[in-house]
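Taking it in order: structure first as structure tokens, then the write-up.
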Amino acid sequence: MYGDWFKIMNNAVPLFTSSISAGFPSPADDYIEQRLNLNDLLIPHKEATFFLRVQGDSMIGQGIHHGDLLIVDRSLNTASKKIIIAVLDGELLVKQLYIQKNKVFLLAANPNYKTIAITSEQNFQIWGVVTAVIHSF
């Protein structure tokens, strides 16, 4: 399932010196600036990083789509407005953390989903901070 992705992640790939134009085409440079290892770019804390596949569309407004691969870092500090992976009453969720006046909320990025207010009666844990999302077109 992740075979091709892990092959790319474990090998350095070329990084060209020219940027890609999203408007009018520009001539490409004929040389490579350096080799780019996606591990170095996307996984600064290897021992604390894990991957999760997204199911559902509650975070589509943040560019997180059904089937996307999330890169999650457990070593990062959580803060309000960060996108996190949480466990709420045994259910694994990806949501935006929002803290206001010592109250914790989990926000969806889709108006079809309600904000979740965390109460002291609930079993709530934060597993990590989402640092990147990978999806195919």
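Below, each value reflects all heavy atoms present in this structure, side chains not excepted, and no hydrogens, waters or symmetry copies.
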Nearest heavy atoms of [X] and [Y], plus distance in Å:
X     : Y      : answer
Lys95 : Ser58  : NZ-OG, 2.7 Å
Leu42 : Ala132 : CD2-CB, 4.1 Å
Ile43 : Lys46  : CG2-CA, 3.6 Å
Asp68 : Gly63  : OD2-O, 3.7 Å
Ser75 : His45  : OG-ND1, 3.1 Å

Quiz prompt | Nearest-0.5 Å distance, CG of residue Leu70 to CZ of residue Arg53 | solution =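 One finds 9.0 Å between CG of Leu70 and CZ of Arg53.
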Do [X] and [Y] have side chains that get closer than 4.5 Å, going by heavy atoms?
X      : Y     : value
His66  : Asp57 : no
Asn123 : Leu88 : no
Ile64  : Ile83 : yes
Ile71  : Thr49 : yes
Gln96  : Lys82 : no

Practice problem: Check the surroundings of atom CD in Gln122: do more than 12 heavy atoms from other residues, nucleotides or ligands lie under 6.0 Å from it? | Solution: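 Count over threshold, so yes.
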Please say yes or no: joined through hydrophobic side-chain contacts below 4.5 Å, possibly via intermediate residues, are [X] and [Y] part of one cluster?
X      : Y      : answer
Leu41  : Phe51  : yes
Ile99  : Ile118 : yes
Val54  : Ile60  : no
Val72  : Leu92  : yes
Ile126 : Phe50  : no

Quiz item: Residues two or more places apart in sequence or in another chain: which of them pass side chain to side chain donor-acceptor pair (under 3.5 Å) with Asn77?
Solution: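 None.
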Quiz item: Counting distance only, does the side-chain N/O of Asn110 pair as donor-acceptor with the main-chain N or O of Met59 below 3.5 Å?
Solution: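 Pair absent, no side-chain N/O of Asn110 close to backbone of Met59.
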Quiz item: Can you tell which of Ile116, Ile84, Ile85 makes a side chain to side chain contact (heavy atoms under 4.5 Å, CB included) with Leu93?
Solution: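 So the option named by the test is Ile116.
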Quiz item: Please, which pairs that meet ring pair (Phe, Tyr, Trp, His ring centres under 6.0 Å) have at least one residue in residues 117-137, sequence neighbours excluded?
Solution: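 Of all non-adjacent pairs touching residues 117-137, those that pass ring pair (Phe, Tyr, Trp, His ring centres under 6.0 Å) are His65-His135, His135-Phe137.
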Exercise. Among Ile, Leu, Val, Met, Phe, Trp and Tyr joined by side-chain contacts under 4.5 Å, find the other residues sharing a cluster with Phe105 and list them by chain and number.
Key: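 Under the 4.5 Å side-chain rule, Phe105 groups with Tyr98, Leu107.
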